[in-house]
Amino acid sequence: MKSLAELEKIQKDTYGEVALRLGDTEHATPGLKGNILCCGGTGCTSSGCQAIIHEMEAQLKAHGLDDKYKVIKTGCFGLCALGPIMIVYPEGAFYSRITAQNVKQIVEEHLIGGNVVKDLLYAETVDGDDIKSLQETRFYAKQHRVALRNCGVISPEHIEEYIARDGYRALYKALTSMSREEVIDEILKSGLRGRGGGGFPTGLKWKFTYAAEGDKKFVCCNADEGDPGAFMDRSVLEGDPHSIIEAMAIAAYAIGADQGYVYIRAEYPIAVQRLKIAINQARETGLLGTDIFGTGFNFDLDIRLGAGAFVCGEETALMTSIEGKRGEPRPRPPFPAIKGLWAKPTLLNNVETYANVAQIILNGAEWFSSMGTEKSKGTKVFALGGKIHNTGLVEVPMGTTLREIIEDIGGGIPNGKKFKAAQTGGPSGGCIPARLMDTPIDYDSLIAIGSMMGSGGLIVMDEDNCMVDIAKFFLEFTVDESCGKCTPCRIGTRRLLEILTKITKGQGTMEDLNRMEELCYSIKASALCGLGQTAPNPVLSTLRYFRDEYEAHVKDKKCPAGVCKALSHFEINPDKCKGCSLCSRQCPANAISGQIKSPFVIDQSKCIKCGACQAACKFGAIEKK
């Protein structure tokens, strides 16, 4: 790519293909009646989207419509709970939970007959005879998409569609009309902070790396994303990989680098494949390589696969892994901006951070900083999961309250249960109780209440969750993922887990609670890297807000939520038992006995507390005590 004219030609030639999706029927390609968008993210792929796409293509061909409708496999739309998903434009008909068997009906009734198949639509988009757009639903109404602007809109495997959406114009602008210092200043003024967890000012990191002395510099992208329940970065790479390539090229220009690396876990095969395709397309188009836009700027990009070690999300461990060594952190300082990859100055940001860069350069720092709060600018992407109606991917302005995310966007808690807590920041974060639901979600507010933003996982819990068990779950994860290099993390977290396990078995004491809290602060103060330093957070936050549950486990030897097996047992209510013997036949431990048409009894010495009997009973006779 040597000129703006070449870029504009690709944009002009392709825009007509995407115009219908953007509500621009006037400039759509002549003869093109519609676009059929099918989600091709990991969630919808696992539930059969590929079969739906194949069937749609076959049906279009069979009816002579293959030149009238364009089928596009996109990235994630966000509303993962409703997959597989299909949207037909220009109507914007949002079909959810469809199967390959539904495709023939959609083609014949909607595409040929002109009547939207209402019984296959997402219920919230049906308003009498009218069809509401996806943006009008509760899930999307309060969202503001910046990092996710192209996800579910374009084909991630076609660079032309990215260019049609102003792709690579920010890179052109930076290379041809901005100095390196001006690019860095624009990122600084935007207020963009790292979306990987720490929240360090992005522009400041770029400034430090630019100022560092070195004959060679590198730009890296952290796409490791190891938090349980987190899938934000994966979804961006699956739906809009060119936004990351463009941003890394801009960053490379700003700091004076000519080589970049994307470190991505091998467990993300779709993201890896689409990133490979995107890099090859960028090279073929001249947007990676030598003399980009005829400016003399050279930059190339390679992928390095991670084996799934959580610790490799830490910046120094990640770089050590890229070098081909065991992924272990090293002491800081020196920081990577001074001495990073192969001891050279290195800039590292995560996927979501980079996903904002091109839009900041194109639209200006003031545009970006107009969103969010005073100290937390822009938007934040969350992977919303757990006990929530609308699981999926959401992007909201910083400062949006937890209540708005859970009740308005997430649709509330299923089965009439009460909201109990939300875990933000994964194993490094904390649990936010129901009484703090009106807390604005930004970096400083979350830290003030004992949690943290983290990369953006948000797991919702209801009254059936035991908070002691939740703390134990996250600590089990960090114990397994500790690299073992430093004693506080290797030994300290294991001691914490031993105490927690003791408490969940009904063997804990009040002294254990005090010992555990003291140990948490010791680990935080002395661990080598962020993994160990933040590992106690789930324990500390649950002790802070749910101490009564800990005390119930210790003093009363009871688990209020009935989760901890050692502190609960099953009993058969003789007044409800019909003597059908179904529970006895389902019991894997042969712990239930009795006579047909008479109440059965559970032998507590044999019961393994698996709950199979309760699940099998049709009369509600088996009660958990």
Sequence neighbours excluded - ring-ring contact (aromatic ring centres under 6.0 Å, His included) pairs with any residue from [range]:
range            : value
residues 5-54    : none
residues 176-198 : none
residues 69-91   : none

ring-ring contact (aromatic ring centres under 6.0 Å, His included) involving Tyr140 - partner list, sequence neighbours excluded
none
Not counting sequence neighbours, which residues clear ring-ring contact (aromatic ring centres under 6.0 Å, His included) with Tyr162? List them please.
Tyr168, His242
Set of side-chain contact (heavy atoms from CB on, under 4.5 Å) partners for [X], sequence neighbours left out:
X      : value
Phe293 : Met1, Leu7, Leu171, Tyr172, Leu175, Leu287, Thr295
Asn363 : Gln359, Trp367
Thr29  : Glu17, Leu32

Selection residues 20-38 - residue pairs positive for salt bridge (charged side-chain N to carboxylate O under 4.0 Å, His left out), sequence neighbours left out
Arg21-Glu161
Can you sort out the partners of Glu374 under side chain to side chain donor-acceptor pair (under 3.5 Å), two or more places apart, ordered by chain and number?
none
Partner residues of Glu136 under the side chain to side chain donor-acceptor pair (under 3.5 Å) criterion, sequence neighbours left out:
Ser133
Partners meeting salt bridge (charged side-chain N to carboxylate O under 4.0 Å, His left out) with Lys142 (sequence neighbours left out)
Glu404, Asp408
